[in-house]
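Position 1 is the first residue of the sequence, and the numbers go up from there.
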Amino acid sequence: MITTRFTETFGVDHPIICGGMTGVGTADLVSAVAEAGALGFLTALTQPTPEALVREIARCRDLTDRPFGVNLTILPTLAPVPYAEYRAAIIESGIKVVETAGSNPAEHVAAFKAADVKVIHKAVAVRHALKAQKLGVDAVSVDGFECAGHPGEEDIPGLVLIPAAVRQLDVPVIASGGFATGGGLAAALALGACAINMGTRFVASAEAPVHANVKAQIVANDERATQLVFREFGNTGRVARNAISEEIVTRSKRPGAVFEDVAALASGVRGRTRVLQEGHMDDGLWWAGQAQGLIESVATCDEIVSGIVTDAEKIIDRLAGLRG
């Protein structure tokens, strides 16, 4: 067993996180991650209302008695999101750890800390991580350029970004972006992180609530099978490469292009419905990281977590044996 500041702070067996993923982070997956001894996060905004989130938290508790958390991502949206109500639902449900991401979480961190809730904030730059630390978060998850979702605009890979963050931060650092193997966990620990955060690897799990075609596509894809979209609009996102992502990139490069030119193609509802639920792999935008190139099979969450930890321990022991 690998014990770190992360496992000690958050009361889990293994230094592995399944971060919040819209449309994927439901009780089915998160309870399985928790049962495997890692820390999983329900995604608040996957639920259509705060009341639905309360029910999903209760459902997860019916499936596991181990620790799990809730992700609250704060991003600009076309329709207003009642963030304060979701936050209240999290607190009133007795959740003890929250993952925040997106825009400045100051208001939410203050409320969570007042309710004795631990907060992990996800950042894509050292300066953002330092700001989160000043707000009082308990840990920072640092997303390298390899990650799915929004890697920021500076294109700093984890091999540089993670130790740069560790050097300046006092709170525990969680390495995120490009992790899917025991070698990755061992490398993250060597860089000074105390845990890894995985998304794409857990999408290719038996318990992930997505169509089998999605899981098979992740296994079939290599490390080149992602694409950066929305770069022209200052909101870069890394997604799985498909017909929709290619068309978005083509339209975005046209002179005078605006987001409205690709909005219908980029619809999150379309991606979740047509791809994640129905398995039409070229009919919507869906998030995946470069770690696809490291994923060779669909496995249970228990197999994924135990396999990564076992492999990391073997690597650490082998490296220790190299000392003369």
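- Legend: residues meeting ring-ring contact (aromatic ring centres under 6.0 Å, His included) with His150, ordered by chain and number and at least two apart, are Trp287.
- The salt bridge (Lys or Arg N to Asp or Glu O under 4.0 Å) analysis of residues 296-312, with sequence neighbours excluded, yields no pairs.
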Please list, one pair per line, the donor and acceptor atoms closer than 3.5 Å that link side chains of residues 176-188 to other protein atoms, with sequence neighbours excluded.
residue : atom : partner : partner atom : Å
Ser176  : OG   : Asp143  : OD1          : 2.4
Ser176  : OG   : Asn197  : ND2          : 3.1
Thr181  : OG1  : Gly183  : N            : 3.4
Thr181  : OG1  : Gly184  : N            : 3.1

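- Gln133 places a side-chain N or O within 3.5 Å of a backbone atom of Asp170 that can act as its donor or acceptor partner.
- Checking side-chain atoms of Thr300 against main-chain N and O of Ala206 turns up no donor-acceptor pair under 3.5 Å.
- With sequence neighbours excluded, the residues satisfying ring-ring contact (aromatic ring centres under 6.0 Å, His included) with Phe10 are Phe6.
- With Ser267 contributing its side chain and Ala264 its backbone, the two residues share no donor-acceptor pair below 3.5 Å.
- In terms of the ring-ring contact (aromatic ring centres under 6.0 Å, His included) criterion, residue partners of Phe230 (sequence neighbours excluded) are, by chain and number, Phe259.
- Residues satisfying the ring-ring contact (aromatic ring centres under 6.0 Å, His included) criterion with Phe41, sequence neighbours excluded, are absent altogether.
- Residues in residues 2-21 take part in these salt bridge (Lys or Arg N to Asp or Glu O under 4.0 Å) pairs, two or more places apart or across chains: Asp13-Arg66.
- Applying the side-chain hydrogen bond (donor to acceptor under 3.5 Å, both in side chains) rule to Thr64 yields the partners Glu35; only residues at least two apart in sequence or on another chain are considered.
- Salt bridge Lys118/Asp138: absent, no basic N to carboxylate O contact under 4.0 Å.
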Mind listing the side-chain donor-acceptor pairs of residues 216-225 below 3.5 Å, one per line with the distance, residues two or more places apart or on another chain?
residue : atom : partner : partner atom : Å
Gln217  : NE2  : Asn221  : OD1          : 2.8
Asn221  : ND2  : Gln217  : O            : 3.4
Asn221  : ND2  : Gln292  : OE1          : 2.7
Asp222  : OD1  : Arg224  : N            : 2.9
Asp222  : OD1  : Ala225  : N            : 3.4
Asp222  : OD2  : Arg224  : NE           : 3.0
Asp222  : OD2  : Arg224  : NH2          : 2.5

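- Under the salt bridge (charged side-chain N to carboxylate O under 4.0 Å, His left out) criterion, Glu246 pairs with Arg241, not counting sequence neighbours.
- The list of salt bridge (Lys or Arg N to Asp or Glu O under 4.0 Å) pairs with a residue in residues 250-267, not counting sequence neighbours, reads Glu247-Arg251.
- Within the structure, the salt bridge (Lys or Arg N to Asp or Glu O under 4.0 Å) test picks out no pair touching residues 199-216 (sequence neighbours left out).
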